[in-house]
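Structure first, then comments.
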Number of protein chains: 2
Amino acid sequence: MKISEGVEWGAHCLVLLAVLPADAALPTGRLAEYHGVPSAYLAKHLQAMSRTGLLESVPGARGGYRLARPATEITMLDVVEAIDGTTPAFRCTEIRRNGPAAVPAREYRLPCSIHAVMDRADAAWRAELASVSIADLVAMVGEKASPEALRKGAAWLVGALG
Amino acid sequence: MKISEGVEWGAHCLVLLAVLPADAALPTGRLAEYHGVPSAYLAKHLQAMSRTGLLESVPGARGGYRLARPATEITMLDVVEAIDGTTPAFRCTEIRRNGPAAVPAREYRLPCSIHAVMDRADAAWRAELASVSIADLVAMVGEKASPEALRKGAAWLVGALG
DNA sequence: ACTATCCGGATATATGACATCCGGGATGAA
DNA sequence: TTCATCCCGGATGTCATATATCCGGATAGT
């Protein structure tokens, strides 16, 4: 089991965009440069977040991306679902309907018990992700990051936005 | 994100083995036949569960697999970890150390906030899985399955064990 | 001895993740 | 108007992993 690397990139981008002045936007190239990741591929994930309404794209010269709504209203679950999709990790192939114990399809009214358990675990995972917003992450990073790193990041932002 | 199909197979096999008389074992071929899955591939997953101590293998003619401990003491988390591995779904690539805001490695004492959030969600998922035992699943299946399916399954078992 | 079975390794194939590129369209600046 | 950016979607290529199979060696019943 494995989550796409793009989720990490997307989350970091959202955190960076969350500390920008209102209405300011950063283009794909700048976001890629800041995080040291390939620009062409990051674009794919930014487009995905734009499609699901997390980011707003500003076309044209001096355009870029900015948050589509306040950072308090974007959760980590939104990011994961935008980039990794909403398909549950477990897919029941209904193997109970195979083999010698199989009965006609209409008998399988109730969902497979194993399926149900996996779905509950999936729901718990998503609930945990939904409880954390991008704004929460901004606060955490502000507390944890070294002053030096914060200073360098801010200095770069001034250059990128100017 | 996606869980190996083998987890479903493994869980169903454990449930079937849990209803066997004590000390009775079923070989790979029978387990595969009962669930309608390829025997050679199922063997891989059974071996994995054997290595992690969920199953006990009985070598030699008329051997097979049986539970290594009571069904009440085998959880769904055990199954998932045996077959899908214990590696967390999210892997932090520390992209905060890239780009213009990077500082010397010794400055990154505290874990990445995004990483921390993903780990908490992963823990919630595992906790949910750990709260359900194979014995619980046997009970659920007993309640939910159609009497007809249970009868056919039992009949097949009598033949397979005889 | 013979047969049935587990076990590990080697191998083949398919699926999806990762990564890049290009053409089209939209926007603002010159 | 013209031009330089920039977003967007599709096509493409590469690579890692999941899926699936097979074989030889070891082991235990008959």
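Chain letters run A, B, ... following the sequence lines, proteins first, then strands; residues in each count from 1. Everything quoted here is computed from the prediction, not taken from an experiment.
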Give A/R30 one of three labels, base, sugar-phosphate or nothing, depending on what nucleic acid heavy atoms sit under 4.0 Å from its own. nothing
Is any side-chain N or O of B/K44 under 3.5 Å from a base N or O of C/dG8, one able to act as donor and the other as acceptor? no
Interatomic distance, A/R66 CZ vs D/dC7 P [rounded to whole Å]: 12 Å
Strictly below 4.0 Å, N to O, side chains only: are A/E81 and A/R126 in salt-bridge contact? yes
Under 4.0 Å between a side-chain N/O of A/S4 and OP1 or OP2 of C/dC18, yes or no? yes
side-chain N/O A/T28 vs D/dC7 OP1/OP2, d < 4.0 Å: yes
Using a strict 4.0 Å threshold on nitrogen-to-oxygen distance, state whether B/E94 and B/R96 make a salt bridge. yes
Can you classify the ring geometry of A/W9 versus A/Y41 as parallel (below 30°), tilted (30 to 60°) or perpendicular (above 60°)? perpendicular
Between B/R69 and B/D78, does at least one N-O distance fall below 4.0 Å, as a salt bridge requires? yes
Rounded to the Å, how far apart are A/L42 CG and D/dC8 P? 12 Å
Give A/G6 one of three labels, base, sugar-phosphate or nothing, depending on what nucleic acid heavy atoms sit under 4.0 Å from its own. nothing
Residue closer to the 5' end of DNA chain D, A/Y65 versus A/K2 (nearest nucleotide): A/Y65
Take atom CG of B/D23 and atom P of D/dG29, then tell me their distance rounded to the nearest Å. 13 Å
Which residue lies toward the 5' end of DNA chain D, B/A61 or A/V58, if each is placed at its nearest nucleotide? A/V58
For A/R91 and for B/R51, find the nucleotide of DNA chain C with the closest heavy atom, then tell me which residue's nucleotide is more 5'. B/R51
Could you give the CE-to-C1' distance, from B/M49 to C/dC7, as a whole number of Å? 15 Å
Checking side-chain polar atoms at under 3.5 Å, does B/T93 have a donor or acceptor matched by the opposite partner on A/E8? yes
A/Y41 side-chain N/O to D/dT12 phosphate OP1/OP2 under 4.0 Å: no
How is A/G29 classified with respect to the nucleic acid when contacts are heavy atoms under 4.0 Å: base, sugar-phosphate, or nothing? nothing
If you pin B/R62 and A/D84 to their nearest nucleotides in DNA chain C, which one's is more 5'? B/R62
Under 4.0 Å: is that the gap between some side-chain N or O of A/S50 and OP1 or OP2 of D/dC8? yes
What's the CG-P distance between B/L17 and C/dC6, to the nearest Å? 11 Å
Quick note, B/E5 side chain, CB onward, closest among D/dT19, D/dC8, C/dT27 is D/dT19
Specify the separation, in whole Å, of atom CD1 of A/I83 and atom P of C/dC18. 11 Å
Whole angstroms only, please: what is the CD-C1' distance between B/Q47 and C/dG9? 10 Å
